[in-house]
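Here the structure comes first, spelled out in structure tokens, and everything after it is commentary.
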Number of protein chains: 2
Amino acid sequence: MEDLKKKIRSFTKVSDSDIEFGLQFFKIRKIKKGELLLKPNQCINEFYFMQKGCISYYTVEEGITRVMEFFTEGYFFTDLYAFIQDIPSESYLEALEDSIIYTISKSDQQKVYDHSHQLERFGRLSMQRTFVINFQRINQLRNLSNQERYLQLLEKRPSLFQRVPQYLIASYLGLTPVGLSKIKKRLSKS
Amino acid sequence: MEDLKKKIRSFTKVSDSDIEFGLQFFKIRKIKKGELLLKPNQCINEFYFMQKGCISYYTVEEGITRVMEFFTEGYFFTDLYAFIQDIPSESYLEALEDSIIYTISKSDQQKVYDHSHQLERFGRLSMQRTFVINFQRINQLRNLSNQERYLQLLEKRPSLFQRVPQYLIASYLGLTPVGLSKIKKRLSKS
DNA sequence: GGCATTTATTAAACTAGTTTAATGAGAATC
DNA sequence: GATTCTCATTAAACTAGTTTAATAAATGCC
């Protein structure tokens, strides 16, 4: 759990006793490629930390799969939208690789926040971090062309292109496999 | 400050003494139509609550104005992206109407969070609320057509169309005034 | 190593937006 | 009340994507 501890402390100062209190609730879990951690209409009562592997977070509507995010090493994740609001999920969490994650239940997370003001602050700051990422995402969607978004992803998360099939990347970028092929072709010509 | 107090308590239970502690730091401020609360390269060290009025949050890049949000009655707001990260703003906050807002400085906000675990929780939960809104925004941008987004805005915030000029609404929706006109025409035909 | 399946590319026809420019309509100013 | 300015609409040419369908290339499996 060293990576997890380090990650928490990258947000804010947390005393040894508080961090030990928090970590005791996390359980390790292994999940095989292709397995689902979550599917639609389930409630999600767990929060995760990705130790090793890759999980895709996606919806399927009218037969169209839309990848919202790829969670890789060092990510905190869950279906945060359903988790926060206590509503049934509309999404899938599917392992794209064999993965190792740490999990904490929502009720245990609440215990941690009740017990420690420092960890409640970690919670607030990690939500802030999520805000920053989502804000950037919104700006990318609004202000950049698909080609620019593709180039940006290539720059920021190059390893994704090694570990994830292209049609899922296309979906993540909000276009069809055909569209992504066209963009790549256009770029290779110039 | 009753609206503000009520708003805070809509997130989580806060004792009278804690809420009074928090509210003492807020100052009222009036701002006239056309005035700027913030412009690019300024640092933003204040957090706001909109009592009455309307403020647009936008950027200008290469001569193109892009409206991110319209803040109206009951909204907490600031340039949260710059505020959180302590970086100079790239945005404008401009009053589209004469407005009345409550303001608290960042350092006073920190005092409030240090003093009260309950208000720190309010902070976390209001960030969660912001997350939910941004998540929905991302999904709208990814999954809906411009026409659908227009119809959704019309349904959710009909009064905006009375108080804000159409070219700003077009910008908010991520299209040109010409594009919005086309959409309206198409809809009126069916 | 060969076969079946999945994934990626290409082409062709189409669509929903863009840009530019002209027109129209309302509101503010003198 | 005429003029000016701003904002909204329309038209025409264009663009970056879409869909569908065919083909090519990789991958997995026995």
Presence of [X] side-chain N/O under 4.0 Å of [N] phosphate oxygens OP1/OP2:
{"X": "Lys185(B)", "N": "dG17(C)", "result": "no"}
{"X": "Thr176(A)", "N": "dT18(D)", "result": "yes"}
{"X": "Gln147(B)", "N": "dG17(C)", "result": "no"}
{"X": "Lys184(A)", "N": "dA8(C)", "result": "no"}
{"X": "Gln166(B)", "N": "dT6(D)", "result": "no"}

Measure [atom1]/[X] against [atom2]/[N] and give the value in whole Å, please.
{"X": "Leu173(B)", "N": "dA16(C)", "atom1": "CG", "atom2": "C1'", "result": "15 Å"}
{"X": "Glu148(B)", "N": "dA16(C)", "atom1": "CD", "atom2": "P", "result": "11 Å"}
{"X": "Lys189(B)", "N": "dT9(D)", "atom1": "NZ", "atom2": "P", "result": "14 Å"}
{"X": "Lys33(A)", "N": "dT27(D)", "atom1": "NZ", "atom2": "C1'", "result": "10 Å"}
{"X": "Tyr150(B)", "N": "dA8(D)", "atom1": "OH", "atom2": "C1'", "result": "12 Å"}
{"X": "Tyr167(A)", "N": "dA26(D)", "atom1": "OH", "atom2": "P", "result": "18 Å"}
{"X": "Leu96(A)", "N": "dT7(C)", "atom1": "CG", "atom2": "C1'", "result": "15 Å"}
{"X": "Arg149(B)", "N": "dA16(C)", "atom1": "CZ", "atom2": "P", "result": "14 Å"}

| said: Main chain of Gly123(B), side chain of Ser126(B): is a donor-acceptor contact present, judged purely on distance under 3.5 Å? | reply: yes

| Exam field: side chain Arg163(A) to backbone Gly53(A), donor-acceptor pair closer than 3.5 Å | yes

Nearest-nucleotide pick for [X], side chain only, options being [options]:
{"X": "Ile183(B)", "options": "dT10(C), dG17(C), dT7(C)", "result": "dG17(C)"}
{"X": "Asn146(A)", "options": "dA21(C), dT19(D), dG17(D)", "result": "dG17(D)"}
{"X": "Arg186(B)", "options": "dC7(D), dA8(C), dG17(C)", "result": "dG17(C)"}
{"X": "Val178(B)", "options": "dG17(D), dA11(C), dA11(D)", "result": "dA11(D)"}

| message | Taking Lys5(B) first and then Asp16(B), would you say they form a salt bridge - that is, a charged N and a carboxylate O separated by under 4.0 Å? | response | no

| task | May I ask you to establish whether Arg124(A) and Tyr113(B) are in a cation-pi arrangement, using a distance under 6.0 Å from NZ or CZ to the six-membered ring centre and at most 45° from the ring axis? | result | yes

| request: Please work out if Leu175(B) contacts a base, only the sugar-phosphate, or nothing of the nucleic acid, heavy-atom cut-off 4.0 Å. | output: sugar-phosphate

| field | Criterion side chain to side chain contact (heavy atoms under 4.5 Å, CB included) against Tyr57(A), the qualifying member of Leu37(A), Val67(A), Leu93(A) | value | Leu93(A)

| said: Between Lys182(B) and Val164(B), which residue's closest nucleotide on DNA chain D lies nearer the 5′ terminus? | reply: Val164(B)

